[in-house]
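Note that this is a predicted model, so its numbers are computed, not measured. Here, residue 1 is the first one in the sequence, and each next residue gets the next number. Order of listing sets the numbers, starting from 1, for every ligand and every atom in it.
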Amino acid sequence: MRSVQGGSDRGFKLLLTSLDENVIPTEDEVRKAVIELKKGNPASGVAKVHSFLLDANPSWTVSEKRVRKILQSEGLVRSDAGTPNSTINTIHPSFRLNQSLDVNKWTSRVEVKYFDAIKGKGLVAKENIVKGDVLWKEDPFILAPEWEIYDLQHASEACSLCSSIIRDHSPLHISCEASTTATPCTARYCNRLCRLQAEKVHPLLCSARNPASVPLLAFTRDAQWMALHALAQCTSRLLLASQQDAATFDLDWDVVQGLAELGMEERAQCLREQGLEPDRQNWRRAFELYLQAFKEPRTPGEQKKLARVLKKPIPEELQKFTFEYQAFLRGLGRMSLNLEAHGGLYRLHSHLNHGCTPNVSVRHLDQRTALSRITVIAKEDFEIGQELLITYTNPQSSLRDRRRRLSEWGFGPCRCERCVTEEKVWKESDSNTQEADDLADQLKAGLGVL
Ligand SMILES: [Zn+2]
Ligand SMILES: [Zn+2]
Ligand SMILES: [Zn+2]
């Protein structure tokens with residue numbers, strides 16, 4: 001990096017000299033040069049590309065911050081997460097297709113389409129669709145509801161499976177049958193069907209059947225860590241499925257394997273660009289409690305209870321996927337990336353990509369009978385092949401803010417019609433601001449402020 005050494009007055013003088021001789025290149029010139037340099041030196045970080053740029057263009061005055069901004073907006077930020085010689089150019093979520101997903105179970109009007117390695121998969125219209133049409137309804141694979149609802153579930157006032165409110169006392173409501181006075185469980189269900197369905201997830205998170213899970217759930221509630229709660233639900237579901245026949249396990253396994261994924265370390269890398277540091281101590285603590293809940297309870301009594309639920313050995317691939325620390329971190333990232341706004345993980349819904357002008361809306365319409373069920377509705381007319389889009393950001397926010405939110409998840413700049421138009425306007429008005437910013441940076445650097 002080319003910086004001015006020594007006291008501030010010396011630096012200031014040097015800077016004045018350099019400003020006399022130097023030129024501030026246009027945004028397009030810098031962008032073109034930066035992209036070329038990055039292509040030729042894929043392993044180089046921001047500082048290196050910056051110094052190459054100044055070596056190649058000695059008359060240019062360009063700050064490192066400006067280079068960083070360009071690399072970020074092009075999705076070319078270097079990852080340090082791997083080995084020292086890693087040459088990853090772009091951090092982005094990874095995608096796999098769930099081959100066993102039968103979309104027809106929910107709808108015949110949309111299909112899964114694989115776009116490419118960066119964009120991954122998405123959902124497109126299989127026939128013409130009219131604005132206002134209900135496209136499908138879907139119950140969650142697992143649910144980690146908002147904390148308000150979570151608290152109601154714990155107070156036996158919301159169904160432990162579908163989260164519908166059950167404050168009134170109907171004879172249909174049923175409590176968890178494992179609950180005893182000595183080992184109470186507060187889970188309560190709308191009806192028999194919900195109780196039956198809950199057996200796919202509840203046993204390992206039941207305070208009566210697996211008391212070792214209580215500290216983990218208390219921790220997720222305390223930290224209000226929805227992704228951790230979702231991961232606990234998901235792990236419980238997979239471990240329980242492994243106790244069933246192979247076909248049952250494979251179906252659930254494929255759902256989880258098919259989810260887009262961005263590890264916590266990769267996410268940390270994206271957030272670091274915004275000056276946020278990961279709280280690794282908290283990750284470790286969460287992992288300890290998670291292992292205690294599902295693998296190594298602390299007391300012999302708790303161990304015995306867990307062994308009563310998990311009688312068969314856990315398949316090795318599932319063990320690796322569940323009980324290794326790095327896998328745990330990837331699991332957390334996978335949950336955060338795929339959860340619906342109200343905390344459910346949905347098999348088909350999780351395929352929906354982002355657009356800044358969403359064309360479908362996701363609603364919870366069956367509030368009294370199945371609160372966690374979603375209804376996906378067309379917000380406009382669709383032609384065959386047109387992609388269905390929801391928004392991962394606040395559609396009201398500015399281009400910059402939307403990009404920042406997306407970059408937290410490793411998504412490159414959105415190329416939807418709205419973004420392309422807004423970017424044009426922004427670039428035109430911004431080249432002036434950019435120059436002013438740049439000049440201010442150079443002055444500060446000269447004064448030793450940076
Ligand atoms: Zn229910
Ligand atoms: Zn229970
Ligand atoms: Zn966009």
Practice prompt. Please confirm whether R373 makes a cation-pi placement over Y346, using NZ or CZ under 6.0 Å from the six-membered ring centre and within 45° of the ring normal.
Written response: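 No.
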Item to complete: Establish, yes or no, whether the cationic atom of K121 lies under 6.0 Å from the six-membered ring centre of Y114 and within 45° of the ring axis.
Response: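 Ring-cation test returns no.
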Worksheet item: Q257 and E317: side-chain donor and acceptor closer than 3.5 Å?
Response: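 Judged by distance alone, the side chains do not pair up.
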Worksheet entry | T375-R363 side chain donor-acceptor pair, cut-off 3.5 Å |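 Short answer, no.
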Practice prompt. Specify whether Y392 and H354 have parallel, tilted or perpendicular ring planes, treating 30° as the upper limit for parallel and 60° as the lower limit for perpendicular.
Written response: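 Geometry flag for H354 against Y392: tilted rings.
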Discussion item. What I want to find out is whether E27 reaches R66 closely enough, with some N-O distance under 4.0 Å, to be called a salt bridge.
Written reply: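 Answer for the salt bridge query: yes.
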Practice prompt. Determine, for R298 against E302, whether the closest basic-nitrogen to carboxylate-oxygen distance falls under 4.0 angstrom.
Written response: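 No salt bridge links R298 with E302.
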Item to complete: Nearest 10° is fine: what angle sits at the Zn ion (ligand 1) between SG from C162 and SG from C190?
Response: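 Once rounded, the angle between the two atoms at the Zn ion (ligand 1) is 100°.
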Item to complete: First locate atom CZ of F141, then atom SG of C234, and finally report the distance between them rounded to the nearest 0.5 Å.
Response: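 Nearest 0.5 Å value for the CZ-SG distance: 5.0 Å.
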Worksheet item: Just wondering, more than 12 heavy atoms not from E177 lying within 6.0 Å of its CD?
Response: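 Open: at most 12 neighbouring heavy atoms sit under 6.0 Å from CD of E177.
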Discussion item. Taking salt bridge (Lys or Arg N to Asp or Glu O under 4.0 Å) as the criterion, tell me which of R404, R403, R405 meets it with D401.
Written reply: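 Single salt bridge (Lys or Arg N to Asp or Glu O under 4.0 Å) partner of D401 among R404, R403, R405: R404.
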Item to complete: Check which protein N, O or S atoms are less than 2.8 Å from the Zn ion (ligand 2) and report how many there are.
Response: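 Near the Zn ion (ligand 2), the number of protein N, O or S atoms below 2.8 Å is 4.
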Discussion item. Below the 2.8 Å mark, what number of protein N, O or S atoms do you get around the Zn ion (ligand 3)?
Written reply: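 Atoms of protein N, O or S type lying less than 2.8 Å from the Zn ion (ligand 3) total 4.
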